[in-house]
Amino acid sequence: MNIKMIGRFQALILLLEALFMLPALLICLFDRDMRAAMAFLYTVLLNAAVAGVIYLLCRHSSREFYQKEGLFCVGLSWIVMSLFGSLPFMLSGEIPRFIDAFFETVSGFSTTGASILNDVEGLSRGILYWRSFTHWIGGMGVLVFLIAIAPAFGKKDGFTMYIMRAESSGPSVGKLVPRIRKTAAILYIIYIGLTVLDLIFLLIGGMPLFEAVCTALGTAGTGGFGVKNDSMAGYSPYLQNVCTVFMFLFGVSFSWYFLLLRRQFKTALKDEELRLYVGLAIGSMAAITINLRGFYPTLSETIRHVAFQVSSVMTTTGFCTTDFDQWPAFSKVLMLGLMMVGACAGSTGGGMKCIRWLLLVKNLRRNVKSICYPQRVQTVRINGKTVPETTLDNTNAFLAAHVIIFAISFLIISIDEFSVTTNFTAVISCINNIGPGLEMVGPTHNFALFSPLSKLILIFDMLAGRLEIFPMLVLFSRSAWRKR
């Protein structure tokens, strides 16, 4: 294990996090909220000091870096930046308990959107901005951002590829262009462009600038932290529709947008994962709309709420315009199913991803055919290309790890003796980075009711879900700590 190289990454992450906090500090100073401003100032100085010490201790590191180091580095980086990112909440006194501040910060960076707060509107604007910004930087990945802006890491693609694979979503991660650093830069350019476009449409709809910025950051990161206690319910139908569209767009793979920019329209339209994603969304919207006939005063209002909630849940954003926990059983079960599907790989959305479900179904069909025709060579193909067996093995391993972590987490948090539905959907919500669940963790409730032990378990679930499990497993594996 190349500890010094990993240490250098932690130093850069802390320094980058300190820079990210500066806008929140400026907002606090503008509002003359000195208590929150000092909380950010102390955190920025502490981040810079710790980063400096770590960098000095690890400056003479070797360049030896492999997949194990990449997974370990990513898992550790997300814990470190969450720990330091929670300090402004505690030092300002707005979330005084450490476990609650840590939970809120992990929920932000992992783009889960599960909150322990009862009165969001009581927070200062600087804290609200930082809370929403954690979604944005966590959506695409802070280490991917670091790769995009740090020329030193672009000299050795094998080095940076391990980092990008560990932090990016999906069963496999490829290059858009030959250089990894340029690939990361392209992804962030598309990400920033869509975020700005979302912001413009929100401003056109009359949303105040600060609220529009926070909402755009939460939508882009598919996180769901709102600045209002009722999430998006109090905004106009136009603003809700804008969020519906952009939540859906941020659930699409950014590689697909790159194909559009390259004018490879035929290749983009033939993408099987996109077809599944769009088909599931439209089919679910239609089925729930039919099931909810008469539930809302008009058909247009029904379609608006259904489209918003399906888009929010499927992309794991977590914004709400209505309490879908009050919907009929069929609609709630369908929403629960969408929670476990998720968005597209390579997007900012969470969940298991449509591509994995596509691979699992195709692999199952291949196994059935192999039983019927054992002499034939059966392959799994996606978009006309044969899927490597290693990718199929990794998909099966991911599913197994996902189920095991879910079962253990569900068992442990059941010690709190809440209802089965509450506990079940709380774990589903956190491991798939969704936000709201059902019953006591539904759209009109929060996660404050859980004990500190349960919150720690759910924190692990959120990180495991965002990092797609393996970086967290490697981080807590004894073999990963052994020297070569």
Side-chain angles (χ1 to χ4, degrees), residues 6-59 75-112 114-138 141-143 145-146 149-150 210 213-214 217-218 221 223 225 227 448 452 455-456 459 462-463:
I6 293 172
R8 285 182 61 188
F9 265 103
Q10 306 315 306
L12 290 170
I13 288 295
L14 288 174
L15 186 59
L16 196 60
E17 186 175 43
L19 293 174
F20 287 151
M21 287 183 184
L22 293 180
L25 172 59
L26 293 176
I27 291 172
C28 293
L29 291 174
F30 179 81
D31 291 344
R32 297 183 179 179
D33 185 353
M34 298 311 297
R35 186 171 184 178
M38 295 307 294
F40 279 109
L41 179 60
Y42 291 149
T43 304
V44 167
L45 294 175
L46 180 62
N47 277 33
V50 174
V53 171
I54 295 175
Y55 192 83
L56 286 174
L57 294 174
C58 302
R59 65 186 183 279
L76 182 60
S77 295
W78 278 67
I79 291 176
V80 168
M81 69 179 183
S82 295
L83 286 169
F84 282 81
S86 66
L87 292 179
F89 293 113
M90 289 189 296
L91 295 177
S92 65
E94 302 204 25
I95 306 181
R97 295 181 61 196
F98 164 74
I99 189 64
D100 288 339
F102 189 41
F103 184 97
E104 197 78 9
T105 308
V106 170
S107 182
F109 279 122
S110 65
T111 72
T112 304
S115 181
I116 50 82
L117 294 169
N118 293 310
D119 183 17
V120 173
E121 295 177 34
L123 299 177
S124 64
R125 292 206 311 163
I127 291 293
L128 279 175
Y129 170 82
W130 173 242
R131 185 170 173 262
S132 296
F133 186 77
T134 56
H135 279 336
W136 192 84
I137 194 62
V142 65
L143 285 165
F145 183 84
L146 188 60
I149 65 171
F210 177 77
V213 169
C214 291
L217 293 175
F225 277 158
V227 294
K455 287 175 183 174
L456 284 174
I459 284 170
M462 287 188 284
L463 289 171

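Counting begins at 1 with the first residue of the sequence. All values below were derived from every heavy atom in this structure, side-chain atoms included, with hydrogens, water molecules and symmetry-related copies excluded.
For Ser110, the side chain to side chain donor-acceptor pair (under 3.5 Å) test picks out Thr112, with sequence neighbours left out. Every residue two or more places apart in sequence or in another chain that forms a side chain to side chain contact (heavy atoms under 4.5 Å, CB included) with Phe30 is listed here: Arg125. A search for salt bridge (Lys or Arg N to Asp or Glu O under 4.0 Å) contacts involving Glu17 returns nothing, not counting sequence neighbours. For Leu45, the side chain to side chain contact (heavy atoms under 4.5 Å, CB included) criterion is met by Leu41, not counting sequence neighbours.
Taking every heavy atom of both residues into account, Gly126 and Cys28 meet most closely at CA-SG, 3.6 Å. Closest approach of Val227 to Cys214, counting heavy atoms only: CG1-CB, 3.6 Å. Nearest heavy-atom pair across Ala101 and Ile95 is N-CG2, 3.5 Å. The two atoms that bring Ala51 and Leu15 nearest to each other are CB-N, 4.1 Å, heavy atoms only. Minimum interatomic distance between Gly7 and Cys58 (heavy atoms only, all atoms of both residues): CA-SG, 3.9 Å.
To the nearest 0.5 Å, atoms CD1 (Ile116) and CD1 (Ile99) are separated by 10.0 Å. Atom-to-atom distance recorded for Asn47:CG and Leu19:CG is 9.5 Å, nearest 0.5 angstrom. Taken to the nearest 0.5 Å, the CG atom of Leu14 stands 11.5 Å off from the OG1 atom of Thr43. One distance of note links CZ of Phe89 with CZ of Phe103; it measures 12.5 Å at 0.5 Å rounding. Note that CG of Leu128 is 15.0 Å distant from CZ of Phe133, once rounded to the nearest 0.5 Å. Distance CD1/Ile127 to CG/Asp33: 8.0 Å, rounded to 0.5 Å.
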Legend entry - Intermediate values then yes/no, side chain to side chain contact (heavy atoms under 4.5 Å, CB included), Met34 and Leu29: CA-CA 7 Å; Met34 298 311 297; Leu29 291 174; 4.1 Å; yes
Inset, instruction - In sequence, state the C-alpha distance, the side-chain angles, and the governing distance for Leu83 and Phe98, and then conclude on side chain to side chain contact (heavy atoms under 4.5 Å, CB included). - result: CA-CA 9 Å; Leu83 286 169; Phe98 164 74; 3.8 Å; yes
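Two residues are said to be in side-chain contact when any heavy atoms from C-beta on lie closer than 4.5 Å; Phe40 and Leu22 fail this criterion. Under the 4.5 Å side-chain criterion, counting only non-hydrogen atoms from C-beta, Phe84 is in contact with Val50. Side-chain atoms of Tyr129 and Val213, non-hydrogen and from C-beta on, do get closer than 4.5 Å to each other. Between Trp130 and Leu25 the shortest side-chain heavy-atom distance does not fall below 4.5 Å. Inter-residue side-chain proximity for Pro96 and Met90 is flagged as unmet; no heavy-atom pair is nearer than 4.5 Å.
For Phe210, the CZ atom sits in a packed shell: over 12 heavy atoms of surrounding residues, nucleotides or ligands are nearer than 6.0 Å.
The list of side chain to side chain donor-acceptor pair (under 3.5 Å) pairs with a residue in residues 81-94, not counting sequence neighbours, reads Glu94-Ser124. For residues 98-107, the pairs satisfying side chain to side chain donor-acceptor pair (under 3.5 Å) are Asp100-Lys455, Glu104-Ser115, Glu104-Arg131, with sequence neighbours left out.
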